[in-house]
Amino acid sequence: ELGCRAPARVIKTHKTLEDMPGPSALGFFTDLFCKRGLARLHELQLEGKARYGPVWKASFGPILTVHVAEPSLIEQVLRQEGKHPVRSDLSSWKDYRVCRGHGYGLLTAEGEEWQKIRSILAKHMLKPKAVESYEGTLNGVVTDLLRRLRHQRARHGQSVVKDVGGEFYKFGLEGISSVLFDSRLGCLEPDVPPETETFIRSINRMFVLTLLTMAMPRALHRLFPKPWRVFCESWDYMFAFAKGHIDKRMAEVAERVSRGETVEGKYLTYYLAQEKLPMKSIYSNVTELLLAGVDTISSTLSWSLYELARHPRVQAALHEEISQVAGGRTIPSAADVAQMPLLKAVVKEALRLYPVIPGNARVISDRDIQVGDYLIPKKTLITLCHFATSRDPRFFPEPDSFRPERWLQRDASHHPFASVPFGVGKRSCIGRRIAELEVHLALARILMHFEVKPEPEGGPVQPMTRTLLVPEKEINLQFLNR
Ligand code: HEM
């Protein structure tokens, strides 16, 4: 016995990609392209988790991606993301910029370049004092939104505003432009400038085609050139639009300086120009900020009002809160909305049910990382399934119900990574504070003026994925004078 050696055994401490469950490449391809899977990607997260557990792999066209759908595992990934986190290195957005010779903006830049722009923008977008300084400008845009809603409801019977999302797109664009340029585009005027409509259409088309152009193997681009061509044309328009506005604003400033005036701007483009960034970088950053501030704001406002219209008791309680805090003031301030816990809870709950970014991503480039039982090789695209975790009944009982009060209960303990609509950490949303202020100011004032109800014959509206999570069809709401 003693002389007999045990056979050498390789002890595996971690499971590998080979051990990971997941649909076959063909199965996932069929799901995506034949079963409207691209529009249902958020639902595929729930199906994947039910079928394979919290970690599974799938081939998104030519790209293998590991899905992670458990808050503690998402936390584990993000804690290992390193100094310069990378969202995805295989993006069609980056391909476009290389193809046209444009620069990168904060959304697409990496490494030291990203770090530099991030620290410049953070000073003006995340610091509470800086964000508060946009209050007056944003409140001016909200005033125009109210006028526009009145105008639009007069066009249809029963005080209905058709397609509120369309109105909030214009509000989003006007809002982010006012912060970027301190000048107004006129998107909320009765006659909307055609170039702003084209800009919004370009964003929509670009988002529709983002996933498709990524999932389509390169070889197919030749066979089906249209998606890539339209994708590029949409970006071309967006870059040209941003450039036009930047050049115009800078020419105005130069002209005033030449007349001997001292010019001190309080808007983002001015701050970027002060840092002496190359023009190419200013153009790409402003383009990306413009596009980041439109759908996100529109979708959050649309879903918040959609749910409030369907939950009149919550709406009444919120109206009460707003009236009390505002006292006699007709225009609530940033300090006022900060004192409205139910208002904040309503927006958090809308973003839990309908996270604008239903699935985010990370690539850890320089080392293999452990996630749960698995060792994930470096450079693997990791998809963070935020939609699945924020609808998980273990963290949010009755996960499909709109219950803002869940955010107000003292003893409520949600895992901090279960609902993270703005992301977490170094690479999280830089527009978060501005977005929250904008949405809070708009919702508070809309509810001061109107009682919002569902369109009399309207049915439920489901979300769909278009890279972002958006309403599947138009949301029409009744706006009744208070
Ligand atoms: C409710 C509204 C919004 C939501 C839910 C949202 C959500 C997000 C999320 C999830 C990310 C990715 C974070 C990550 O990878 O960890 C992101 C990034 C970003 N967002 Fe937002 N966003 C919103 C509004 C805005 C607005 C209004 C702006 C512009 C003013 C903006 C600008 C950006 C930028 C530039 C990034 C990239 C940051 C970086 O890579 O360093 N977002 N956003």
Side-chain angles (χ1 to χ4, degrees), residues 74-75 77-79 81 83-88 91 93-94 104-111 113-122 124-126 130-131 134 137-138 141 168-169 171-181 203 242 267-269 271-272 284-304 344 346-363 381-387 390 417 419-443 467-470:
I74 291 181
E75 176 172 9
V77 173
L78 291 175
R79 294 215 186 281
E81 67 182 0
K83 195 165 155 219
H84 299 139
V86 177
R87 210 168 282 119
S88 156
S91 100
W93 291 22
K94 291 185 186 172
Y104 295 113
L106 191 67
L107 280 164
T108 49
E110 305 297 357
E113 182 188 3
W114 166 78
Q115 180 66 71
K116 182 172 175 206
I117 308 168
R118 176 95 193 181
S119 36
I120 295 173
L121 286 175
H124 303 290
M125 295 180 75
L126 289 174
V131 175
Y134 303 119
T137 310
L138 289 174
V141 182
F168 296 142
Y169 272 122
F171 171 70
L173 181 54
E174 194 71 29
I176 183 64
S177 303
S178 70
V179 167
L180 279 165
F181 308 123
I203 302 184
Y267 50 97
L268 280 179
T269 306
Y271 299 135
L272 286 170
S284 50
N285 270 294
V286 170
T287 306
E288 293 187 6
L289 287 167
L290 274 174
L291 100 98
V294 178
D295 293 59
T296 48
I297 296 288
S298 166
S299 178
T300 309
L301 274 176
S302 302
W303 289 120
S304 299
K344 290 189 259 180
V346 160
V347 176
K348 274 191 183 177
E349 184 68 347
L351 283 167
R352 180 189 69 79
L353 282 170
Y354 312 102
V356 185
I357 302 198
N360 200 356
R362 283 292 184 272
V363 178
L381 182 68
I382 304 176
T383 298
L384 310 173
C385 299
H386 298 305
F387 184 83
S390 67
F417 287 70
S419 172
V420 285
F422 294 97
V424 191
K426 291 194 195 76
R427 194 124 206 192
S428 63
C429 178
I430 200 155
R432 174 179 189 162
R433 301 274 169 243
I434 292 176
E436 285 173 336
L437 180 63
E438 208 175 328
V439 168
H440 292 155
L441 290 176
L443 272 181
T467 307
L468 305 180
L469 197 71
V470 296

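Counting starts at 1 for both ligands and their atoms, in listed order. Count residues from 1 along the sequence.
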side-chain contact (heavy atoms from CB on, under 4.5 Å) between Arg362 and Asn360, worked out: CA-CA 7 Å; Arg362 283 292 184 272; Asn360 200 356; 3.9 Å; yes
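- Residue Phe181 holds its CZ atom at 9.5 Å from CG of Leu268, rounded to the nearest 0.5 Å.
- When heavy-atom distances to ligand 1 are checked against a 4.0 Å cut-off, Val179 has no atom that comes that close, whether in backbone or side chain.
- Heavy-atom proximity to Trp114, at under 4.0 Å, picks out these atoms of ligand 1: 39 (C), 40 (O), 41 (O).
- Residue contacts with ligand 1: Glu288 is excluded, as none of its non-hydrogen atoms falls under 4.0 Å.
- For ligand 1, the polar-atom distance check against Thr300 finds no nitrogen or oxygen pair separated by under 3.5 Å.
- Taking any N or O of Arg118, backbone or side chain, at least one lies under 3.5 Å from an N or O belonging to ligand 1.
- At least one heavy atom of Arg362 sits closer than 4.0 Å to an atom of ligand 1.
- Atoms of ligand 1 found under 4.0 Å from any heavy atom of Ala435 (numbered from 1 in listed order, with element): 2 (C), 24 (C), 27 (C).
- Every heavy atom of Ile434 sits 4.0 Å or more from the atoms of ligand 1.
- If you take CZ on Phe422 and CD on Glu436, they are separated by 4.5 Å, rounding to the nearest 0.5 Å.
- Within the 4.0 Å heavy-atom cutoff, Glu436 does not count among the residues contacting ligand 1.
- Residue-ligand proximity, Asn360 to ligand 1, at heavy-atom distances under 4.0 Å covers atoms 12 (C), 13 (C), 14 (C), 15 (O), 16 (O).
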